[in-house]
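Shown next, in structure tokens, is the structure this report addresses.
Counting from 1, the numbers follow the sequence of the chain as shown.
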Amino acid sequence: KQVRLSLHAHEIDFNELKRFLPQLEFMGNRLALDLETQGEFGELDIKTLDLKSGELEFHITGTLYNLHMPSELYLNTKFDRSVIYSPDAQALLAGISLPDLQQLGRAKLVLTFVGKPLDFQTQLSLETEAGNVQTNGTLKIGGVNGLQYKGETQFTGINLATLTNNDDLDTRLNGSLQIDGRGVSLNDLNTTLDVRLDSSLFAGRPVNRTQLRVNAEERSLTANGQINVGTMGAQLSATLDRRQKDSPLFSVVGTVSSLNLEEILQESSSNSDLSFAIDAHGTGLTWGTLNGEFLLNFSPSRYREYRIDSSTVLLAFDQRNPQRKQLRLSSNIADFSLIGAFDTEYMKDLIAYELLNLRKAVSEKFVSLDSTFGTNVDPTELAALEKKLAAPREHLNTDFSLHVKDLEPVSVATSDRTFNGIGVLTGTVRGNFHNLSITAKLNVDDFFYGSADSGILIHDGTATLDVNNLKPH
């Protein structure tokens with residue numbers, strides 16, 4: 001049976017209408033609607049469907065098939081000359097928490113949708129004040145494979161500063177993204193993702209020949225990346241294998257050349273030229289289950305005025321024996337080891353809590369004598385740590401050792417005055433948040449702090465610390 005409908009309704013006030021139709025509670029603001037349709041329920045032509053609210057505009061044409069059979073509904077529609085303006089979209093759909101994207105300006109939209117609601121092909125063109133995007137893809141939801149997708153996106157002039165309201169992220173990104181696969185979680189993911197950038201700018205630095213390729217299949221994931229930003233070049237490969245659920249495997253290998261931290265941190269004091277290789281591998285994805293080695297192998301580099309001929313930094317975790325866990329860090333600056341029964345995250349929080357309490361106690365005792373001892377300890381941060389530490393019943397029983405070999409690199413990185421030293425710190429940590437005991441012994445071979453004119457020199461010094469039954473108050 002032929003259907004012909006012509007509807008022109010301007011100044012529809014949803015604030016009034018939802019008094020009679022509570023189901024429209026999520027709607028707000030005013031809407032103008034112009035609709036012209038003709039055909040049958042099996043094939044209904046939308047000659048005109050115009051929706052306007054403020055600066056928000058949708059102009060829709062196309063054909064709807066099988067309206068009388070919802071399971072067979074098929075659409076062939078096009079949004080043309082449409083405009084999305086975030087403040088008006090938020091006002092119209094006031095009951096839905098839409099993100100505020102006013103910084104995108106009046107985004108121009110062209111969109112085609114062909115297919116069923118859960119199995120369709122779409123093309124999209126979006127022009128915004130933060131850049132332009134063109135997408136062509138297919139999406140199928142449901143069935144044996146759950147979620148299937150394939151698509152390609154081209155983007156030009158993407159400015160992250162506009163998107164995030166952060167001027168430090170001023171960019172002009174040009175490139176493409178391709179994806180083909182099925183699934184979402186690593187358990188059922190079978191996907192290939194390819195991202196490319198070229199002829200772009202990131203924080204004022206040129207970006208050339210940058211690519212990331214990710215493959216996921218059978219609970220394993222591999223990623224290969226090539227990055228060229230400013231003077232820095234990097235090639236990295238990473239793998240994650242979760243086929244053994246209780247003991248996932250990971251690895252990261254690669255090289256980084258001519259890394260200038262000044263460009264990343266936006267601080268002239270961090271001017272550097274660092275080149276190094278990375279080799280990390282092991283099992284476990286949490287601090288409590290981590291076992292593996294992380295190696296940084298520096299080739300000739302520079303940090304500020306300090307020259308690095310060659311150096312290695314090795315961090316190793318072995319937590320297979322809960323009563324004799326081992327954490328080792330070795331470098332040309334110092335060697336550190338922690339051996340015994342401990343929880344890494346719990347111990348980190350406990351040390352942070354005790355140091356905050358120490359700062360607070362010193363400040364309260366001496367600030368009346370010298371205002372420089374005044375310090376601001378956030379009571380909220382202290383209370384949060386106390387609550388976090390009070391609940392678990394962890395028990396620490398560990399020995400630690402720190403062998404300081406050369407502090408000059410630390411001096412160059414952190415201070416305007418020179419310091420250096422050689423010494424060994426050993427000790428124990430026993431107990432937990434509710435009752436903690438710490439012993440430590442420091443043997444200083446040599447230590448100097450100061451300048452060419454004045455300073456402090458310590459030779460063959462010894463200091464000991466013995467704290468018992470330290471409890472929260």
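Once rounded to the nearest 0.5 Å, the distance linking CG of D194 with OG of S176 reads 6.5 Å. Rounding to the nearest 0.5 Å gives a distance of 8.5 Å between OG of S220 and CG of L240. In this structure, CG on N332 lies 9.0 Å from OG on S310, to the nearest 0.5 angstrom. Within the model, atoms CD of Q121 and NZ of K116 stand 15.5 Å from one another, a figure rounded to the nearest 0.5 Å. Rounded to the nearest 0.5 Å, atoms CG (N291) and OG (S247) are 7.5 Å apart. Atom-to-atom distance recorded for H459:NE2 and I422:CD1 is 10.5 Å, nearest 0.5 angstrom.
Remark: side-chain polar atoms of D343 are paired, donor with acceptor, to backbone N or O of Y346 under 3.5 angstrom. Checking side-chain atoms of N174 against main-chain N and O of G157 turns up a donor-acceptor pair under 3.5 Å. Between the side chain of S311 and the main chain of F298, no donor-acceptor pair closer than 3.5 Å is present. At least one donor-acceptor pair under 3.5 Å links the side chain of N66 to the backbone N or O of E72. A distance-only check finds no donor-acceptor pair linking the side chain of H434 to the backbone of K471 [under 3.5 Å]. One N or O on the side chain of S200 and one on the backbone of D198 form a donor-acceptor pair closer than 3.5 Å. Formation of a donor-acceptor pair under 3.5 Å by the T164 side chain with backbone atoms of L160 is found in this model. The backbone N or O of L290 sits less than 3.5 Å from a side-chain atom of Q319, completing a donor-acceptor pair. Panel note: side chain D335, backbone S337; no donor-acceptor pair is recorded below 3.5 Å.
Listed by chain and residue number, S251 satisfy the side-chain hydrogen bond (donor to acceptor under 3.5 Å, both in side chains) test with T239 (two or more places apart in sequence, or in another chain). Applying the side-chain contact (heavy atoms from CB on, under 4.5 Å) test to S269 and every residue at least two apart in sequence or in another chain returns E267. A search for side-chain hydrogen bond (donor to acceptor under 3.5 Å, both in side chains) contacts involving R324 returns nothing, not counting sequence neighbours. Here N224 pairs with S237 under the side-chain contact (heavy atoms from CB on, under 4.5 Å) rule; sequence neighbours left out. Not counting sequence neighbours, the partners of N187 by the side-chain hydrogen bond (donor to acceptor under 3.5 Å, both in side chains) test are R219. Annotation: side-chain contact (heavy atoms from CB on, under 4.5 Å) contacts of D349 (sequence neighbours excluded): E345, L385, K388, L389. Under the rule for a side-chain hydrogen bond (donor to acceptor under 3.5 Å, both in side chains), N208 has no partner lying at least two apart in sequence or in another chain. Listed by chain and residue number, L338, F342, M347, V429 satisfy the side-chain contact (heavy atoms from CB on, under 4.5 Å) test with T398 (two or more places apart in sequence, or in another chain).
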Please step through side chain to side chain contact (heavy atoms under 4.5 Å, CB included) for the pair L356 and E381, ending with a clear verdict. CA-CA 9 Å; L356 284 174; E381 181 184 0; 3.8 Å; yes
Show, in sequence, the C-alpha distance, side-chain angles and deciding distance for N468 and D466, and conclude whether the side chain to side chain donor-acceptor pair (under 3.5 Å) test is met. CA-CA 7 Å; N468 289 297; D466 193 347; 3.2 Å; yes
Output, in order, the C-alpha distance, side-chain angles, deciding distance and verdict of side chain to side chain contact (heavy atoms under 4.5 Å, CB included) for L296 and I278. CA-CA 5 Å; L296 288 179; I278 303 170; 3.7 Å; yes
Does the pair L274 and V256 meet the rule for a side chain to side chain contact (heavy atoms under 4.5 Å, CB included), with working shown? CA-CA 8 Å; L274 304 175; V256 177; over 6 Å; no
Could you walk me through whether Q244 and R242 pass the side chain to side chain donor-acceptor pair (under 3.5 Å) check? CA-CA 5 Å; Q244 298 181 27; R242 299 204 65 173; over 6 Å; no
Are L236 and V253 close enough, and set up right, to give a side chain to side chain contact (heavy atoms under 4.5 Å, CB included), and what steps lead you there? CA-CA 6 Å; L236 299 170; V253 296; over 6 Å; no
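Using the six-membered ring where Trp is involved, Y65 and Y74 have ring planes that are perpendicular, over 60° apart on the 30 and 60° scheme.
Ring to ring, F433 and Y353 are close: their centroids are under 6.0 angstrom apart.
Here ring pair (Phe, Tyr, Trp, His ring centres under 6.0 Å) pairs that include residues 100-154, with residues two or more places apart or in two chains, are F113-F120. Residue pairs satisfying the side-chain hydrogen bond (donor to acceptor under 3.5 Å, both in side chains) criterion with at least one member in residues 104-115, sequence neighbours excluded, are listed as follows: E55-R106. Counting only residues at least two apart or on different chains, the side-chain hydrogen bond (donor to acceptor under 3.5 Å, both in side chains) pairs with a member in residues 122-144 are T135-T153. The side-chain hydrogen bond (donor to acceptor under 3.5 Å, both in side chains) contacts involving residues 270-282 comprise E262-N271, N271-R302, where partners must be two or more places apart or lie in separate chains.
The side chain to side chain contact (heavy atoms under 4.5 Å, CB included) test with L163 is passed by exactly one of L169, I158, L101: I158. Screening T171, D170, L197 for a side chain to side chain contact (heavy atoms under 4.5 Å, CB included) involving F202 leaves a single residue, T171. No option in K441, R430, K325 other than R430 meets the salt bridge (Lys or Arg N to Asp or Glu O under 4.0 Å) test with D399.
Residues L470 and E354 form a side-chain contact, since some pair of their non-hydrogen atoms from C-beta on lies under 4.5 Å apart. Counting heavy atoms from C-beta on, the side chains of F419 and I456 never come closer than 4.5 Å. Between L139 and Q148 the shortest side-chain heavy-atom distance does not fall below 4.5 Å. Counting only heavy atoms from C-beta outward, the side chains of T191 and R182 never approach each other to under 4.5 Å. Residues L329 and V313 form a side-chain contact, since some pair of their non-hydrogen atoms from C-beta on lies under 4.5 Å apart.
Of all heavy-atom pairs between A89 and L56, the closest is CA-CD2, 4.1 Å.
Looking at R307 and D309, no side-chain N of the basic residue comes within less than 4.0 Å of a carboxylate O on the acidic one, giving no salt bridge.
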